[in-house]
Amino acid sequence: PILYSYFRSSCSWRVRIALALKGISYDLVPVNLIKDGGQQFSAEFKALNPMQQVPALKIDGITLSQSLAIINYLEETHPKPRLLPQDPKKRAQVRMIADHIVSGIQPLQNLSVLKQMGEKKMEWAQNCITSGFQALEQILQHTAGRYCVGDEVSMADLCLVPQVANAERFKVDMGPYPTITRINKALLELEAFKISHPSRQPDTPAELRA
């Protein structure tokens with residue numbers, strides 16, 4: 001497998017965690033979203049992913065984009081460890097939380113949106129994350145055990161940790177979100193989350209390395 005990734009991309013980080021959890025080794029091709037006006041806009045990368053976004057994963061003779069589509073494929077082809085619970089209600093809760101982050105928070109504070117916000121980009125990002133986290137904190141109070149849904153790591157957790165990192169980068173006050181904070185801390189102690197961390201990628205700038 002070949003993963004096209006950017007060290008700081010939260011969407012790429014989700015996939016790196018899934019690959020690490022499932023023990024799938026891969027080659028990483030960095031795509032710098034800022035350098036050269038954004039390497040994702042090159043003709044070569046556009047041919048690979050017409051949406052000109054990371055991540056993209058070449059695996060089993062196909063190329064997949066969109067992090068949840070990739071994670072679902074990995075789940076179906078490498079079922080252990082499981083990232084979607086067997087219980088239909090818990091499985092629905094996992095998908096709900098993942099969608100909440102992947103559709104309802106992350107795209108609104110994504111690089112392409114922030115570029116258009118000019119001087120207001122920090123304030124915009126904070127507002128988007130805060131409103132999303134207010135809802136997420138409430139949801140997690142009903143679903144969480146050690147992690148987002150019960151005591152097993154799921155696809156929801158793969159979405160949570162990168163989004164908390166975004167919140168910290170945009171200086172969001174995490175005080176009102178004790179459940180999110182607790183789960184995030186527990187997840188960051190797991191090896192798969194450590195080795196996939198933005199501070200430990202081949203394309204991480206020296207000053208941001210762990």
Side-chain angles (χ1 to χ4, degrees), residues 1 3 5 9-26 55 57 59 64 66-109 128-169 172-200:
L3 178 66
S5 169
S9 155
S10 55
C11 305
S12 299
W13 188 2
R14 295 170 198 151
V15 173
R16 295 196 302 262
I17 300 167
L19 290 163
L21 283 167
K22 291 182 179 290
I24 302 168
S25 57
Y26 60 94
L57 181 68
I59 189 168
L64 294 169
Q66 298 301 326
S67 62
L68 292 194
I70 295 170
I71 292 166
N72 276 305
Y73 177 77
L74 298 177
E75 179 74 354
E76 288 166 5
T77 55
H78 299 76
K80 292 184 180 173
R82 198 170 51 222
L83 294 177
L84 284 167
Q86 283 182 312
D87 176 70
K89 290 177 184 173
K90 285 189 173 178
R91 185 179 283 238
Q93 288 173 329
V94 165
R95 288 185 165 134
M96 171 180 72
I97 292 163
D99 279 345
H100 181 93
I101 295 166
V102 170
S103 304
I105 305 175
Q106 193 274 334
L108 300 173
Q109 47 90 96
C128 294
I129 296 168
T130 298
S131 63
F133 273 13
Q134 283 169 352
L136 184 59
E137 178 70 20
Q138 267 185 277
I139 292 166
L140 291 173
Q141 284 168 10
H142 298 285
T143 64
R146 181 163 175 77
Y147 305 121
C148 283
V149 178
D151 297 324
E152 286 184 22
V153 174
S154 71
M155 188 165 68
D157 299 297
L158 276 57
C159 299
L160 181 86
V161 168
Q163 187 55 55
V164 174
N166 282 347
E168 289 167 349
R169 193 153 59 90
V172 171
D173 174 16
M174 292 299 292
Y177 317 116
T179 316
I180 294 174
T181 301
R182 172 183 66 72
I183 295 167
N184 183 65
K185 187 170 181 248
L187 289 163
L188 285 174
E189 290 168 5
L190 303 176
E191 188 61 21
F193 287 79
K194 287 180 185 172
I195 61 172
S196 58
H197 195 279
S199 64
R200 293 177 63 175

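The model shown is predicted, which means the values in this text are computed figures rather than measured ones.
Side chain of R14 to backbone of S67: no donor-acceptor contact under 3.5 angstrom is found. The backbone N or O of P198 sits nowhere less than 3.5 Å from a side-chain atom of W13 that would complete a donor-acceptor pair. The backbone N or O of L68 sits less than 3.5 Å from a side-chain atom of N72, completing a donor-acceptor pair. Side chain of S103 to backbone of H100: no donor-acceptor contact under 3.5 angstrom is found. Judged by distance alone, the side chain of D157 and the main-chain N or O of S154 form a donor-acceptor pair under 3.5 Å.
Contacts of H197 classified as side chain to side chain donor-acceptor pair (under 3.5 Å), with partners at least two apart in sequence or in another chain: S199. For Y73, the side chain to side chain donor-acceptor pair (under 3.5 Å) criterion is met by D60, not counting sequence neighbours. Under the side chain to side chain donor-acceptor pair (under 3.5 Å) criterion, E137 pairs with Q141, T179, not counting sequence neighbours. With sequence neighbours excluded, the residues that form a side chain to side chain contact (heavy atoms under 4.5 Å, CB included) with E152 are R82. The side chain to side chain contact (heavy atoms under 4.5 Å, CB included) check on I24 picks up P1, L19, K22, L74, H78, with sequence neighbours excluded. Considering only residues two or more places apart in sequence or on other chains, N166 meets the side chain to side chain donor-acceptor pair (under 3.5 Å) condition with S10, Q109. Contacts of T181 classified as side chain to side chain contact (heavy atoms under 4.5 Å, CB included), with partners at least two apart in sequence or in another chain: M174. A search for side chain to side chain contact (heavy atoms under 4.5 Å, CB included) contacts involving A186 returns R146, Y147, not counting sequence neighbours.
Heavy-atom contacts from other residues, nucleotides or ligands closer than 6.0 Å to NZ of K90 number 12 or fewer. Heavy-atom contacts from other residues, nucleotides or ligands closer than 6.0 Å to CD of Q86 number 12 or fewer.
Counting all heavy atoms, side chain and backbone alike, L83 lies closest to V94 at O-CG1, 4.2 Å.
Each of C11, P162, C128, C159 was compared with Q106 under the side-chain contact (heavy atoms from CB on, under 4.5 Å) criterion, and only C11 meets it.
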